[in-house]
Amino acid sequence: MADTKQASAPLNGAYYGPSIPPQQSYHSHGRRSGCGCCGCLFSCLLKIIVTIVVILGVAALVFWLVVRPNKIKVHLTDATLTQFNHTPNSDNNLLRYNLALNVTVRNPNKRIGIYYDSIEARAFYRGQRFASVPLGPFYQGHKNTSVLSASMQGQNVIVLRGGDLADFNRESAEGVYTVDVRFYLRIRFKFGKIKTGRIKPRIECEMRLRPNGGGLVPDRDNECEFERIWFR
């Protein structure tokens, strides 16, 4: 009887022993999540950069198509050298000079004006500067030609030795001197109501001049180089 009653008794959990805990997952969720966030951030930044580059490229193309900017053209029209005497000795290496020149500056653009905020003309012989003079600022309108006039007179010390002295003596005998004049500018461009920041180009003119007022010797159509542009 006792066995029968025990067999018919309801079973409980303790009869089967303790319950088996569920299996745990050992995946490193934290690391995968971090890598995913970094990859997403990098992808977003890359898309933003590409979008900005494309927008700037399209804007530059549209600006070029609308404005069609052209390079400033510079031409040396005339120059005179009425004095160019050098006294090479140990006491003084004086160069006495009297130089005057005119340069035309052409703005060929239809929609761009140019502010010439500052201009300085410098004269060089054999790489040595012997004179400089500032010129007044001005504004140059669309498709306009302006004249830069520089006059330099006085004396300065330049030391000529070796090949430079030999070249000076040769040119004195031939009656033709090679002189470089460079214009250092600070300019701004204007398109409608928009003005750019200042840039600093340089105009370089190489001249062959006859002394005593003989004037300019034509050479390569006397075109000057408009070069070396950089933002301030």
Side-chain angles (χ1 to χ4, degrees), residues 67-84 95-156 158 171 175-232:
V67 179
R68 292 296 178 93
N70 294 301
K71 187 177 180 179
I72 298 172
K73 297 180 179 180
V74 186
H75 185 81
L76 179 64
T77 54
D78 62 85
T80 56
L81 186 68
T82 55
Q83 187 180 19
F84 204 70
L95 176 69
R96 294 177 175 86
Y97 57 88
N98 190 344
L99 171 66
L101 69 152
N102 293 322
V103 173
T104 59
V105 181
R106 174 69 177 172
N107 175 16
N109 296 285
K110 296 180 180 180
R111 298 179 176 86
I112 299 177
I114 306 172
Y115 288 96
Y116 294 84
D117 293 330
S118 68
I119 308 171
E120 183 182 10
R122 302 177 186 177
F124 297 80
Y125 183 76
R126 298 298 163 185
Q128 300 185 55
R129 184 173 71 176
F130 63 85
S132 63
V133 60
L135 305 180
F138 66 96
Y139 172 76
Q140 187 177 43
H142 311 151
K143 297 186 73 65
N144 186 269
T145 301
S146 304
V147 179
L148 300 180
S149 299
S151 180
M152 309 176 195
Q153 182 179 5
Q155 63 182 24
N156 207 343
I158 64 169
E171 291 182 343
V176 177
Y177 294 100
T178 301
V179 178
D180 294 332
V181 173
R182 302 169 188 168
F183 295 88
Y184 293 84
L185 315 173
R186 290 185 179 181
I187 65 177
R188 292 172 294 154
F189 296 105
K190 179 183 178 184
F191 173 65
K193 295 183 178 180
I194 301 174
K195 298 177 184 177
T196 67
R198 283 192 182 96
I199 62 174
K200 299 192 292 185
R202 185 181 75 179
I203 298 172
E204 184 165 356
C205 304
E206 181 178 323
M207 303 175 294
R208 299 179 66 236
L209 298 164
R210 296 186 181 94
N212 303 319
L216 185 68
V217 177
D219 186 21
R220 294 180 303 175
D221 201 24
N222 295 316
E223 289 289 339
C224 299
E225 293 292 331
F226 189 87
E227 59 184 14
R228 192 178 292 182
I229 296 180
W230 67 94
F231 283 87
R232 185 179 180 183

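Positions are given from 1, in the same order as the sequence printed here.
Residues V181 and L99 are in side-chain contact: their nearest non-hydrogen atoms beyond the backbone lie under 4.5 Å apart. Between Y116 and V105, some side-chain heavy-atom pair lies under the 4.5 Å cut-off. Under the 4.5 Å side-chain criterion, counting only non-hydrogen atoms from C-beta, L216 is not in contact with D78. Side-chain contact between V176 and E171: absent, with no pair of heavy atoms (C-beta onward) separated by less than 4.5 Å. Counting only heavy atoms from C-beta outward, the side chains of Q155 and R96 approach each other to under 4.5 Å.
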Output, in order, the C-alpha distance, side-chain angles, deciding distance and verdict of side chain to side chain contact (heavy atoms under 4.5 Å, CB included) for I114 and Y139. CA-CA 6 Å; I114 306 172; Y139 172 76; 5.8 Å; no

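Ring to ring, F84 and Y125 are close: their centroids are under 6.0 angstrom apart.
Rounding to the nearest 0.5 Å gives a distance of 5.5 Å between CG of L135 and CD1 of I119. Taken from CG in L185 to CG in L148, the straight-line distance is 7.5 Å, to the nearest 0.5 Å. Of the inter-residue distances, the one linking Q153 atom CD with Y97 atom OH reads 8.5 Å to the nearest 0.5 angstrom. In this structure, the separation between CD on Q140 and CD1 on I72 is 6.5 Å, given to the nearest 0.5 Å. Atoms CD and CG, on Q83 and N212 in that order, are 9.0 Å from each other to the nearest 0.5 Å.
Contact record, V133 with A150: CG1-CB, 4.2 Å, taken as the closest heavy-atom pair. Residues T77 and V103 approach most closely at OG1-N, 4.2 Å, considering heavy atoms. The shortest non-hydrogen separation linking G175 to P211 is O-CD, 3.1 Å. Scanning all heavy atoms of the two residues, the minimum distance from H142 to G113 falls at CD2-N, 3.6 Å. Nearest approach of L101 to M207, heavy atoms of both residues: CD1-SD, 4.2 Å. Nearest heavy-atom pair across F226 and I203 is CD1-CG1, 3.5 Å.
At most 12 heavy atoms of other shown residues, nucleotides or ligands fall within 6.0 angstrom of atom NZ in K73.
Counting only residues at least two apart or in different chains, disulfide (SG to SG under 2.5 Å) contacts with residues 180-217 comprise C205-C224.
Qualifying side chain to side chain contact (heavy atoms under 4.5 Å, CB included) partners for D117, counting only residues two or more places apart in sequence or in other chains: Y115, R188, R198. Partners of R122 by side chain to side chain contact (heavy atoms under 4.5 Å, CB included), not counting sequence neighbours, listed by chain and number: E120, F124, R129, S132, Y184.
No side-chain donor from either of N107 and N144 sits under 3.5 Å from a side-chain acceptor of the other.
A donor-acceptor distance shorter than 3.5 angstrom exists from the side chain of N109 to the backbone of N70, with no hydrogens or angles considered.
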